Each structure stands twice: as C-alpha cells, then as structure tokens.
2 protein chains.
Amino acid sequence: MPDQHTYNISQLAQEFDITTRTIRHYEDIGLLAPDRKGQTRIYSSGDRTKLKLILRGKRLGFSLEQSRNIIEMYDPASGNKEQLQSLLQGIEQQRQHLKHQLEEINLLMTDLDEAERICREQLNGNQP
Amino acid sequence: MPDQHTYNISQLAQEFDITTRTIRHYEDIGLLAPDRKGQTRIYSSGDRTKLKLILRGKRLGFSLEQSRNIIEMYDPASGNKEQLQSLLQGIEQQRQHLKHQLEEINLLMTDLDEAERICREQLNGNQP
DNA sequence: AGATTAGTTTACGTTAACGTAAACTTCCCC
DNA sequence: GGGGAAGTTTACGTTAACGTAAACTAATCT
C-alpha cells in the first residue's frame with residue numbers, strides 16, 4: 001500500500017529548513033523528479049525521503065554526486081543480476097566510508113576531551 | 001619536551017595526499033603559520049597536527065572556518081577566565097555536533113541494511 | 001657554468017551548490 | 001476584476017576551496 005501523501009515545494013522547504021531554490025536545484029541535476037500538475041511540482045513521500053537522504057548526506061559532508069549514489073541504493077529499482085551485484089558493492093563501499101567516519105568522530109571526540117581537560121586545568125590553576 | 005621534528009611542505013603534502021597549493025591555501029587564510037628559513041616554510045609537529053585536524057574536519061564535512069574553531073581548541077593557548085569559559089562552550093557545541101553526526105550515520109547504516117536486504121531478496125527470487 | 005629540482009609569489013581560472021533578480025502565469029480573495 | 005500570494009522559468013551572480021600557469025629564486029648535480 002503506497003503512501004498517497006503529497007507535498008508542494010514550500011511545504012518541503014519549510015520542513016527541512018531549506019529554500020525552494022535548493023529543492024529545484026536538486027531537480028535540475030536529476031536528484032529529484034516530482035510529478036507535475038500543470039507546471040506545478042507535486043512531491044510524493046518517496047521524493048520526500050530522497051530529499052531527506054540528500055540532506056543527511058550533506059550533513060555528513062557528502063557531495064550531491066555521492067548522494068546520487070545513495071539515492072540509487074534507496075530506490076526500489078529494477079535490476080538485472082549484474083546491476084544488483086554492483087549495487088551490493090556500492091552499499092558495502094558506503095558502509096566502509098561510514099565506518100571510517102565513525103573512527104574519525106571518535107578521534108575528534110578524544111581530542112575534545114583532551115582540550116577540555118587542559119582547559120579545566122588552566123581554570124583551576126593546575127590543581128590535581 | 002617539545003617535539004623538534006620538522007617537515008617541509010612537500011613532505012606534508014605526500015603524507016596527507018594533498019597538494020602544496022592546498023597547504024599554502026590554509027596558510028593564506030590563517031589556519032597555519034609555519035616558521036620560515038629564508039622564505040622557505042618549515043613546519044613543526046604542531047603544524048602537522050593542525051593540518052591533520054583540518055583534514056579530519058573536511059572528511060566530516062566541516063568547512064575551513066569550522067576547522068578554525070577546532071584548531072583554536074587544540075591550541076594550548078593563553079587564556080583569561082572568560083576566554084576559557086567560551087572555549088569550554090565551543091567544545092561542548094562541537095561534541096553535540098559530533099553526537100548528531102553519529103546519529104545520522106546510524107540512520108544511514110540502517111538504510112544501507114534495508115537496501116542490502118531488498119537487493120538480496122531480488123537476487124534470490126524472493127525466497128524467505 | 002649550465003641545467004635540474006624544490007621552493008616561492010602573484011594572479012587569474014574553475015567547480016559545486018546554491019543566491020538573487022526579473023518577468024511571467026494561476027489561483028484566490030474581496 | 002484588480003491585486004496579492006505562491007508557483008514557474010531563465011539567467012546572471014556569488015562563495016568556498018582550491019587548480020593552474022607564469023615568472024622568479026636558491027640549492028644541488030654533472
């Protein structure tokens with residue numbers, strides 16, 4: 001049972017705190033392809049999910065081209081065996097990338113702990 | 001006992017797989033300030049650490065301006081009480097940001113699991 | 001001495017990801 | 001039926017983060 005809910009462009013812009021220009025830009029480069037009623041864009045909940053993935057990617061430092069790959073993974077997608085195999089590869093690559101990011105975050109967290117420790121030492125006038 | 005080891009620009013470029021132009025750019029905008037011998041740049045291990053932080057930040061999607069903050073935290077830094085307090089605030093903000101990123105990564109991981117499951121289903125012809 | 005090689009400065013060029021403005025259509029309200 | 005409000009297209013502008021090229025210098029090799 002497909003989700004029938006739809007959105008117009010300003011609703012999505014509000015929800016995700018971006019401009020309509022940004023959403024149209026994602027369409028310009030082929031990341032979104034909403035339906036049209038006349039010339040007005042109608043977004044499905046699938047479009048909304050894609051948009052959410054794009055923005056999630058952005059917050060993790062992904063380019064829009066990288067997000068394109070992520071979206072392709074999300075897509076239920078038709079696929080012959082080879083396409084599906086290469087998709088599995090892509091998924092695994094993404095996973096590795098994310099694992100790497102997890103490590104980097106942990107390293108930065110450690111640095112922050114260090115920084116805070118030193119900072120508090122200075123505030124306390126170097127008491128144990 | 002300070003680390004006396006030094007580096008020239010191409011050594012750092014090699015180690016981190018970036019161009020010398022990139023390193024000089026970071027100096028242009030005030031993220032690095034290596035010593036000079038004549039007009040040749042000499043990088044300390046502190047400079048190297050800063051560079052590493054910048055690049056780590058980049059891989060996590062931080063702008064160079066955000067990296068500037070991170071570097072300031074790393075700096076042993078002089079500081080009166082107010083500066084130290086605001087530094088502690090900055091550290092806490094960073095921590096929150098990183099925590100948020102951790103959540104996003106976990107969400108994306110889940111999406112990848114989903115994608116892989118669907119993908120394998122298709123490959124197996126929908127067997128349980 | 002002449003020629004590489006690695007460093008430098010200066011400055012214009014490029015790409016991604018939108019911002020911004022103009023000129024237009026549709027729909028709705030009073 | 002005039003005038004917002006929200007949608008649209010088209011197109012030029014902007015910012016961050018470097019790339020690229022030219023023209024120079026200093027040290028090193030042969």
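Note that this is a predicted model, so its numbers are computed, not measured. Values below: all heavy atoms of this structure, side chains included; hydrogens, waters and symmetry mates excluded. Here is how names work: the chains are called A, B, and so on, in the same order as the sequence lines, proteins then strands, and each is numbered from 1.
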B/Asp47 and B/Ser44: side chain donor to acceptor below 3.5 Å:
yes
Can you tell me the distance, in whole Å, between the CD1 atom of B/Ile23 and the C1' atom of D/dA17?
14 Å
Salt-bridge test for A/Arg117 and A/Glu121: reply yes if a basic N is under 4.0 Å from a carboxylate O, no otherwise.
yes
Are OP1 or OP2 of C/dA17 and a side-chain N or O of A/Lys58 less than 4.0 angstrom apart?
no
Just to be sure I understand the rule, does B/Thr19 reach a base, reach only the sugar-phosphate, or reach nothing, if contact means heavy atoms closer than 4.0 Å?
sugar-phosphate
Nearest 0.5 Å, what's the OG1-CD1 distance between B/Thr40 and B/Ile9?
10.0 Å
Can you spot which of B/Asp17, B/Ile18, B/Leu12 makes a side chain to side chain contact (heavy atoms under 4.5 Å, CB included) with B/Glu15?
B/Leu12
OP1 or OP2 of C/dA6 under 4.0 Å from side-chain N/O of B/Thr20:
no
Without decimals, in angstroms, what is the distance between B/Glu65 CD and D/dT15 C1'?
12 Å
Using atom CZ of B/Arg36 as one end and atom P of C/dA6 as the other, report the distance to the nearest whole Å.
19 Å
Is the shortest side-chain N to carboxylate O distance from B/Glu27 to B/Arg24 below 4.0 Å?
no
Can you tell me how far the CD1 atom of B/Ile70 sits from the NZ atom of B/Lys50, to the nearest 0.5 Å?
13.5 Å
Could you tell me whether B/Arg120 and B/Glu116 make a salt bridge, using a distance below 4.0 angstrom between a side-chain N and a carboxylate O?
yes
Identify whether any heavy atom of B/Leu64 sits under 4.0 Å from a base atom; if not, whether one sits that close to sugar-phosphate; answer base, sugar-phosphate or nothing.
sugar-phosphate
How is B/Ile9 classified with respect to the nucleic acid when contacts are heavy atoms under 4.0 Å: base, sugar-phosphate, or nothing?
sugar-phosphate
Kindly say if A/Asn8 contacts the phosphate of D/dG7, meaning a side-chain N or O under 4.0 Å from OP1 or OP2.
yes
Counting only non-hydrogen atoms, which of residues 40-54 of chain B are less than 4.0 Å from DNA chain D?
none
What is the separation between atom CD on A/Glu27 and atom C1' on C/dA17, rounded to the nearest whole Å?
16 Å
Protein-nucleic acid N or O pairs under 3.5 Å, nucleotides 20-29 of chain D:
from, atom 1, to, atom 2, distance (Å)
D/dT20, O4, B/Arg21, NE, 3.0

Can you tell me if B/Tyr26 touches the phosphate of D/dC18, counting only side-chain N or O atoms and a distance under 4.0 Å to OP1 or OP2?
yes
Rounded to the Å, how far apart are B/Asp28 CG and C/dT10 P?
10 Å
Just the rounded figure in Å: distance from C1' of C/dA16 to CZ of A/Phe62.
17 Å
Rounded to the nearest 0.5 Å, how far does CG of B/Leu60 lie from NE2 of A/His100?
9.0 Å
Assess, by modelled atom type and distance only, whether the side chains of A/His97 and A/Gln101 contain a donor and an acceptor separated by less than 3.5 Å.
yes
Integer-rounded Å distance: C/dA6 C1' and B/Gln11 CD:
12 Å
Presence of B/Thr22 side-chain N/O under 4.0 Å of D/dA17 phosphate oxygens OP1/OP2
no
Salt bridge or not for A/Arg95 and A/Glu92, using N-O below 4.0 Å?
yes
Compare side-chain N and O positions of B/Arg24 against OP1 and OP2 of D/dA17 and report whether any pair is under 4.0 Å apart.
no
Spacing of A/His25 atom NE2 relative to D/dT9 atom P, expressed in whole Å
15 Å
